[in-house]
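Have a look at the structure below before the remarks.
Values reported hereafter were calculated over all heavy atoms of this structure, with side chains retained and with hydrogens, waters and symmetry mates removed. A quick note: this is a predicted structure, and the numbers were derived from the prediction, not measured.
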Amino acid sequence: MKNTLLLICCLLGAVACGGSKQNKQVEHSTNLAIDLSEPDQSKTLVQDFPITLYVEYPTGVDSLEGITSINMYGPLLHVHQSNGVIGYIDTASDSLSYKRQDYSDLALQEATDLEVQEQAYWFVSGANTVSRTGLPNGVVSTWQLKTHYKLTELAVNDQEPSKLWLFNRADRQLIHFDTATEAELVYDLKGEYEPQGLAWSGEKLLVLAGNNADYIVAEYDTAGTSLKLTASWKLSGFNGEVFNDVSLAPDGRIIVSSNAVANNIFLVADKSELIGTGPIDHDTELQLVKQVELEQGIAQPSGIWPVKDGGWLLITDQAEVFLLDSSFKIIEKVSLQFSSIECNQGCTEAVVGTSDSFHAITDTGVIGLFVKVGNEYQLKEEVVVAATNEQGDAYEYAGLGHNEATGEFYLVTDQDGAEEEDKLIILDSTYKVINIYPITYGSESNGSIFEYDAQGVVYKDGAIYVLSQRFTKLLKLTMTGEIVSVTDLSEADVKEPSDFAIREGKIYIIGDHENNEAVPPISIFEIVQN
């Protein structure tokens, strides 16, 4: 039956089958070439979110390992493993649930690269053939290119469904192949890096390439016939992992996969975007006084709060709160469980309170009050901040300020984009919204003030202070949201600031860190004039 269907397809001229049609080759032109060389050292991609660390698997299904390719299609991240197992991670689910798909097609299972396009799998297997398997009927279409080709990577694009990008490892060439006309454009690759994965969306082509233990991601504009390099980064902070594929999330973020046994698929981000001068000139600076190392066991701190007895509360991305003494030594660790949400990596953002009770906030505005009962901390109250934008969508937050005298809470929204207006939101002691003020600045600025990216919020002596991770700045706001002062923080002192506290005139800042790197120390500063 399968062969009959293939014969019908060939007779109708719908596909090229088994090499029965002569491929239409374009003349190889040496001016079609791109250079895969090491990018500027300042351009790096670092871990943003370790996807597979938080994937939930059905009973009896093994965790993902031996990954050979990944492909994002809608909210589903399709994963192909070296043992032939094919499945997907549902990134729209809170639990990042995984589902295995059973296909008996041996050629599909043995693919070196596999991509999804509507109801079909496209794949290559290291030979000169490109194949497409229709789902769920299993009808296979094939295209044979030059005999000596070894096609190991491919990329597809819904906007151009008849065209593919391929990597021919035999000749170190990228090939733009049109399945409708069987024409190909060939690009010689120069430089010391070898492609390990391709991703294509719109007019953007990503090439993941490796050179021994180093890996880069290069981005090209595919409009026209000449590939134009638009960006290039080096993967940083991954401690020698071997990367094997790249994909693009629907929002344009980059995903990479590695051959590690666990924790092997990551969202990555351009670290340079977190650094800049900012739209407002600073008038004071933070001068480093000293740094204090944090103990092992603490990872990815996201919030810090001074306790009246001289100790500290510290919350992490893993929904853990550490009670620390005045020397930042661990006294106790508390694992948080919210009732309305399943708090995955990067969920918890800030903590305020005492050693016997504290409030923790998530990035989606869920505030939980945890109270110590005996030797345990129990969730006593849980609310969602009742504030939305003009479209009715909830805001995102990365900090929580608190006035212990009045019981009021202070939040600054963490919106995406330079045009989305950020707000100062004030809650009373019962979490009721009592005021919402737009963030403003009374003078001319060198850009949008909404690019600051609030990563920490503190109330102190009648003012609101906000830490900006993107520009490594400390902002002082009035109680109605007007920026009145900007203090500079050197990126050399704290690379990725995630929250801060003020105690006895000094600023205590914690920082986030990259995969497999040690947790940054607590950095203690004084404010000095320029």
Flag for Gln300-Gln318: side-chain donor and acceptor within less than 3.5 Å: yes
Validation row: Ile367, Val384 side chains within 4.5 angstrom (heavy atoms): no
Check against side chain to side chain contact (heavy atoms under 4.5 Å, CB included), Val366 and Val383: CA-CA 6 Å; Val366 177; Val383 298; over 6 Å; no
Listed partners of Tyr193 passing side-chain hydrogen bond (donor to acceptor under 3.5 Å, both in side chains), at least two apart: Glu38
Ring centres under 6.0 angstrom apart (His80, Tyr88): no
Any donor-acceptor pair under 3.5 Å from Ser445 side chain to Pro279 backbone: no
NZ/NE/NH1/NH2 to OD/OE distance under 4.0 Å, Asp90 and Lys99: no
Intermediate values then yes/no, ring pair (Phe, Tyr, Trp, His ring centres under 6.0 Å), Tyr465 and Tyr459: CA-CA 6 Å; Tyr465 294 85; Tyr459 167 83; 9.0 Å; no
Ring-ring centroid check Phe49 Phe266, cutoff 6.0 Å: no
Heavy-atom closest contact (Leu424 atom, Ile439 atom, distance): N-CD1, 3.8 Å
Any donor-acceptor pair under 3.5 Å from Ser258 side chain to Glu241 backbone: no
Side chain proximity check, Asp414 to Tyr397, heavy atoms < 4.5 angstrom: no
Identify all side-chain donor-acceptor contacts of residues 199-213 below 3.5 Å with residues at least two apart in sequence or on another chain.
residue	atom	partner	partner atom	Å
Trp200	NE1	Gly202	O	3.2

Atom pair CG/CD of Leu227 and Glu219 - distance to nearest 0.5 Å: 12.0 Å
Check: Tyr395 main-chain N/O paired with Thr413 side-chain donor or acceptor under 3.5 Å: no
Asp499 and Ser302, any side-chain heavy atoms less than 4.5 Å apart: no
Nearest-0.5 Å distance, CG of residue Leu324 to NZ of residue Lys333: 12.5 Å
Close side-chain approach of Tyr441 to Leu475, heavy-atom, < 4.5 Å: no
Min side-chain heavy-atom separation Val412-Ile425 under 4.5 Å: no
From Asn157 atom CG to Leu248 atom CG, the distance as rounded to the nearest 0.5 Å: 10.0 Å
Glu381 atom CD, neighbour heavy-atom count above 12 within 6.0 Å: yes
Closest non-hydrogen atom pair between Ala155 and Leu198, with its separation: CB-CB, 3.8 Å
Over all atoms of both residues, closest heavy-atom pair of Ile426 and Met479: CD1-O, 3.8 Å
Main-chain N/O of Leu64 paired with Tyr57 side-chain donor or acceptor, under 3.5 Å: yes
Side chain to side chain, Leu286 and Asp488, heavy atoms closer than 4.5 Å: no
More than 12 heavy atoms from other groups under 6.0 Å of CD on Glu504: no
Donor-acceptor under 3.5 Å (Ser327 side chain, Lys329 main chain): no
Between side-chain atoms of residues 288-295 and protein atoms elsewhere (two or more places apart, or another chain), which donor-acceptor pairs fall under 3.5 Å?
residue	atom	partner	partner atom	Å
Gln291	NE2	Asp493	O	3.4
Gln291	NE2	Ser523	OG	2.9
Glu295	OE1	Ile330	N	2.5

Verdict with reasoning, Thr44 to Leu235, per side chain to side chain contact (heavy atoms under 4.5 Å, CB included): CA-CA 6 Å; Thr44 59; Leu235 285 171; over 6 Å; no
Lys476 atom NZ, neighbour heavy-atom count above 12 within 6.0 Å: no
Near-ring test Phe338/Phe370, centroid separation under 6.0 angstrom: yes
Counterpart residues, side-chain hydrogen bond (donor to acceptor under 3.5 Å, both in side chains), relative to Thr362 (two or more places apart): Thr364
Side chain to side chain, Leu489 and Leu474, heavy atoms closer than 4.5 Å: no
Phe525/Phe500 under side chain to side chain contact (heavy atoms under 4.5 Å, CB included): CA gap, chis, key distance, verdict: CA-CA 10 Å; Phe525 297 89; Phe500 72 109; over 6 Å; no
Donor-acceptor under 3.5 Å (Ser37 side chain, Gly191 main chain): no
Gln81 (side chain) donor-acceptor with Glu65 (main chain) under 3.5 angstrom: yes
Residues forming a side-chain hydrogen bond (donor to acceptor under 3.5 Å, both in side chains) with Glu382, sequence neighbours excluded: Ser339, Ser340
Reported NE2-to-CG distance for the pair His359 and Leu427, which is rounded to 0.5 angstrom: 10.0 Å
Closest non-hydrogen atom pair, Gly368 against Leu379: CA-CD1, 3.9 Å
Pair Phe238 + Phe243: ring centers closer than 6.0 Å: yes
Distance in Å, Leu77 CG paired with Tyr98 OH, rounded so as to fall on 0.5 Å steps: 10.5 Å
Asn244 (side chain) donor-acceptor with Ile67 (main chain) under 3.5 angstrom: yes
Exercise: do Ser485 and Asp283 side chains pair donor with acceptor under 3.5 Å: yes
Taking every non-hydrogen atom, the tightest pair across Ile522 and Ile510: CD1-CG2, 3.1 Å
Heavy-atom neighbours of Gln337 CD exceed 12 at 6.0 Å: no
N/O donor-acceptor pair under 3.5 Å between Asn71 side chain and Val116 backbone: yes
Ring pair (Phe, Tyr, Trp, His ring centres under 6.0 Å) contacts touching residues 297-319 (sequence neighbours left out): Trp312-Phe328, Trp312-Tyr508
Backbone of Gly407 reached by a side-chain donor or acceptor of Ser429 within 3.5 Å: no
No-hydrogen, no-angle side-chain donor-acceptor test under 3.5 Å, Asp221 and Thr230: no
Spatial distance of atom CD1 (Ile34) from atom NZ (Lys228) [nearest 0.5 Å]: 15.0 Å
Stepwise salt bridge (charged side-chain N to carboxylate O under 4.0 Å, His left out) test for Glu285 and Lys473: CA-CA 9 Å; Glu285 297 178 357; Lys473 300 287 189 290; over 6 Å; no
Evaluation steps, side chain to side chain contact (heavy atoms under 4.5 Å, CB included), between His402 and Tyr410: CA-CA 6 Å; His402 185 48; Tyr410 309 95; 5.7 Å; no
Closest contact, heavy atoms only, Ala350 versus Leu400: CB-N, 3.5 Å
